[in-house]
*Asks:* 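My questions will all concern the structure given below.
Reminder, nothing fancy here: chain letters follow the sequence lines and each chain counts from 1. All values below come from the heavy atoms of this structure, side chains included, with hydrogens, waters and symmetry mates left out.
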There are 2 protein chains.
Amino acid sequence: MERDFIKELGYKALDNRLKRISDRMSHDTRKFFKEIEIDIEPSWHLVFKLLQENDVITMVEIAEQLGYTHPSMVVMLKKMTAKGYLVSEKDTIDKRKQNIKLAQKSIDLLPELEQIWHSCENAIYKMLDKDLSIIKHLDEIEESLRAIPFNERFNSEYQKVKH
Amino acid sequence: MERDFIKELGYKALDNRLKRISDRMSHDTRKFFKEIEIDIEPSWHLVFKLLQENDVITMVEIAEQLGYTHPSMVVMLKKMTAKGYLVSEKDTIDKRKQNIKLAQKSIDLLPELEQIWHSCENAIYKMLDKDLSIIKHLDEIEESLRAIPFNERFNSEYQKVKH
DNA sequence: AAAATATAATTAGTTGACTACATAGTTAAC
DNA sequence: GTTAACTATGTAGTCAACTAATTATATTTT
């Protein structure tokens, strides 16, 4: 077993640690999707879920509710549309808006997708050993970052030590 | 305050949650580096730290100790070399190996970098409200993922429900 | 009514990870 | 001493996020 420098650093490499875990999970998920030959990206999960709840929704609304920038969403939604999972049409009242909804292809696939997501959620639940207390920690971190962005925190520490 | 769908989903969107936090932190860090006009990528942090401890080291060793694939490291180390922070030369005994070490430019910069990293670590420590228990959770998650990869976990849950 | 501002979507370019494959050199097996 | 297997590195292509700047349309102000 070789050395794990990031683990050794503990909280000091928090950022790297979080990224490493989330990358590991999404790459593994992509691998699984390939195995079961479903033509869907893992990252589309939440878009499908959101559109299941909201018949019609605009790009900006999706971005806001998922906490991403809209340029990120544009790219993702364009891919999903290209693959035939979404349809979008211009709003007749406000012509800047694109109203997005699930295409029939998605609606047909939903029962299958539900099973997949449910399996994913169960896998996470068991991986966490049914201990959900980490979520509270994550809530707190995001709360802190919302209150004072990390670059500000970083900078005020830096101002103390730099000469 | 708009809705936060990912937060609502709790453990079910663990992956997205971890990614969102780590992305937020690294983008904020990059922003800070721009502000103080230092020509360094946040992701180089651990490479510098590792090379501070190990005078000379090969690409594969860096990749292993940081827990990344070597293609990822090749790209990063090439950039760092191009910017003059690293020097590498072929091992005389084993000509496949590239021996990598800090260039003078990096050595001169180290005191400054030390201050920056120290500030970063302090910022994280305070952001966590001095409660480091989240790290234990992360250790456990990585331990679980190492024992059984996520795609396997996902798959065994899926086999139970699919018809 | 015209000008200024705001909003929705888009495009382009950057970063940082990955997998899969290719190449070069080393070591082991026969 | 060849051949086979392994190891170190490199290349190509994919993916998901970002920021910054652009375009088109709406809204507000003067």
*Asks:* Are side-chain N/O atoms of A:Thr29 and A:Ser26 paired as donor and acceptor at under 3.5 Å?
*Replies:*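 On atom types as modelled, these side chains do not qualify, holding no pair under 3.5 Å.
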*Asks:* Tell me whether the OP1 or OP2 atom of D:dT11 has a side-chain N or O from B:Lys78 closer than 4.0 Å.
*Replies:* yes
*Asks:* Counting the atoms with a prime plus P, OP1 and OP2 as sugar-phosphate, which does A:Lys90 contact under 4.0 Å by heavy atoms, base, sugar-phosphate, or nothing?
*Replies:* nothing
*Asks:* Can you check whether A:Ser43 has a side-chain N or O nearer than 4.0 Å to OP1 or OP2 of D:dA16?
*Replies:*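 Result: yes.
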*Asks:* Rounded off to whole Å, could you give me the CD1-to-P distance for the A:Ile57 and C:dA8 pair?
*Replies:* 12 Å
*Asks:* Given D:dT19, C:dA9, C:dG16, identify the nucleotide with an atom nearest to the side chain of A:Pro71.
*Replies:*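 Nearest to the side-chain atoms of A:Pro71, counting from C-beta on, is D:dT19.
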*Asks:* How many whole angstroms separate atom CD1 of A:Ile40 from atom P of D:dT14?
*Replies:*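 That distance rounds to 20 Å.
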*Asks:* For nucleotides 2-7 of chain C, print each protein N/O atom paired with a nucleotide N/O atom at under 3.5 Å, atom names and distance only.
*Replies:*
residue : atom : partner : partner atom : Å
C:dT7   : O2   : A:Arg96 : NH1          : 3.0

*Asks:* Could you check whether B:Ser26 gets within reach of a base, just the sugar-phosphate, or nothing at all, counting any heavy atom under 4.0 Å?
*Replies:* nothing
*Asks:* What is the distance, to the nearest angstrom, from the NZ atom on A:Lys19 to the C1' atom on D:dA17?
*Replies:*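 So the NZ-C1' distance, A:Lys19 to D:dA17, works out to 8 Å.
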*Asks:* How many Å lie between CE on A:Met80 and P on C:dA9, as a whole number?
*Replies:*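 The distance from CE of A:Met80 to P of C:dA9 comes to 16 Å, rounded to the nearest Å.
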*Asks:* Is A:Leu50 close to A:Ile57 at the side-chain level, that is, under 4.5 Å between some pair of heavy atoms?
*Replies:*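 Heavy-atom side-chain distance check passes, below 4.5 Å.
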*Asks:* What contact category does B:Arg30 fall into here, base, sugar-phosphate, or nothing, at under 4.0 angstrom with non-hydrogen atoms?
*Replies:* sugar-phosphate
*Asks:* Figure out the CZ/C1' separation between A:Arg20 and D:dA16, and round it to whole Å.
*Replies:*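 Between C1' of D:dA16 and CZ of A:Arg20: 20 Å.
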*Asks:* If the plane angle is over 60° it's perpendicular, under 30° parallel, otherwise tilted; pick one for B:His45 and B:Trp117.
*Replies:*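 Ring orientation of B:His45 relative to B:Trp117: parallel.
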*Asks:* With nearest nucleotides of DNA chain D determined for A:Asp94 and B:Glu61 from heavy-atom distances, which residue corresponds to the more 5′ nucleotide?
*Replies:* B:Glu61
*Asks:* Rounded to whole angstroms, how far apart are NZ on A:Lys34 and P on D:dT14?
*Replies:* 11 Å
*Asks:* Mind checking whether B:Tyr158 and A:Phe32 have ring centres under 6.0 Å apart?
*Replies:*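 So the answer is yes for these two rings.
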*Asks:* Within the structure, does a side-chain N or O atom of B:Ser72 lie under 4.0 Å from either OP1 or OP2 of C:dG16?
*Replies:*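 Indeed not, no polar side-chain atom of B:Ser72 lies that close.
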*Asks:* Ring-plane angle category for B:Tyr85 and B:Phe48, please: parallel below 30°, perpendicular beyond 60°, tilted otherwise.
*Replies:* perpendicular
*Asks:* Counting the atoms with a prime plus P, OP1 and OP2 as sugar-phosphate, which does B:Ile62 contact under 4.0 Å by heavy atoms, base, sugar-phosphate, or nothing?
*Replies:* nothing
*Asks:* Which sits closer to the 5' end of DNA chain D, A:Glu41 or B:Thr58, going by the nucleotide each is nearest to?
*Replies:*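 Taking each residue's closest nucleotide, the earlier one in sequence belongs to B:Thr58.
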*Asks:* Nearest nucleotide by nearest heavy atom, which residue falls closer to the 5' end of DNA chain C, B:Trp44 or A:Val74?
*Replies:* A:Val74
*Asks:* Would you name the heavy atoms of A:Phe154 and B:Ile116 that are closest together and state the gap between them?
*Replies:* CE2-O, 3.2 Å
*Asks:* When you get a sec, tell me which of D:dC15, C:dA17, D:dT9 is the closest nucleotide to the side chain of A:Asp23?
*Replies:* C:dA17
*Asks:* Using a cut-off of 4.0 Å on non-hydrogen atoms, how would the nucleic acid contact of A:Met73 be classed: base, sugar-phosphate, or nothing?
*Replies:* nothing
*Asks:* Within this structure, what is the NE2-to-P distance between B:His27 and D:dA16, rounded to whole angstrom?
*Replies:*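 Distance check: B:His27 NE2 to D:dA16 P gives 15 Å.
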*Asks:* Using a heavy-atom cut-off of under 4.0 Å over every strand shown, decide if A:Val60 touches base, sugar-phosphate, or nothing.
*Replies:* sugar-phosphate
*Asks:* Between atom CZ in B:Phe33 and atom P in C:dT15, what is the gap in whole Å?
*Replies:* 14 Å
*Asks:* Measure from the side chain of A:Lys95, starting at C-beta and using heavy atoms only, and say which of C:dA17, C:dT11, D:dA26 lies closest.
*Replies:* D:dA26
*Asks:* Kindly give the heavy-atom pair with the smallest separation between B:Ile100 and B:Leu51, and that separation in Å.
*Replies:*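 Closest approach of B:Ile100 to B:Leu51: O-CD2, 3.5 Å.
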*Asks:* Can a salt bridge be assigned to the pair B:Glu142 and A:Arg20 using a cut-off of 4.0 Å between side-chain N and carboxylate O?
*Replies:*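 Salt bridge between B:Glu142 and A:Arg20, a charged N being under 4.0 Å from a carboxylate O: yes.
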*Asks:* Side chain of A:His70, heavy atoms from C-beta onward: which of C:dA9, C:dT15, C:dA17 has the nearest atom to it?
*Replies:* C:dA9
*Asks:* If you check the B:Met59 side chain, which of D:dG10, D:dA8, D:dC15 turns out closest?
*Replies:* D:dG10
*Asks:* Is any side-chain heavy atom of A:Pro42 less than 4.5 Å from a side-chain heavy atom of A:His27?
*Replies:*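 A:Pro42 does not reach A:His27 side chain to side chain.
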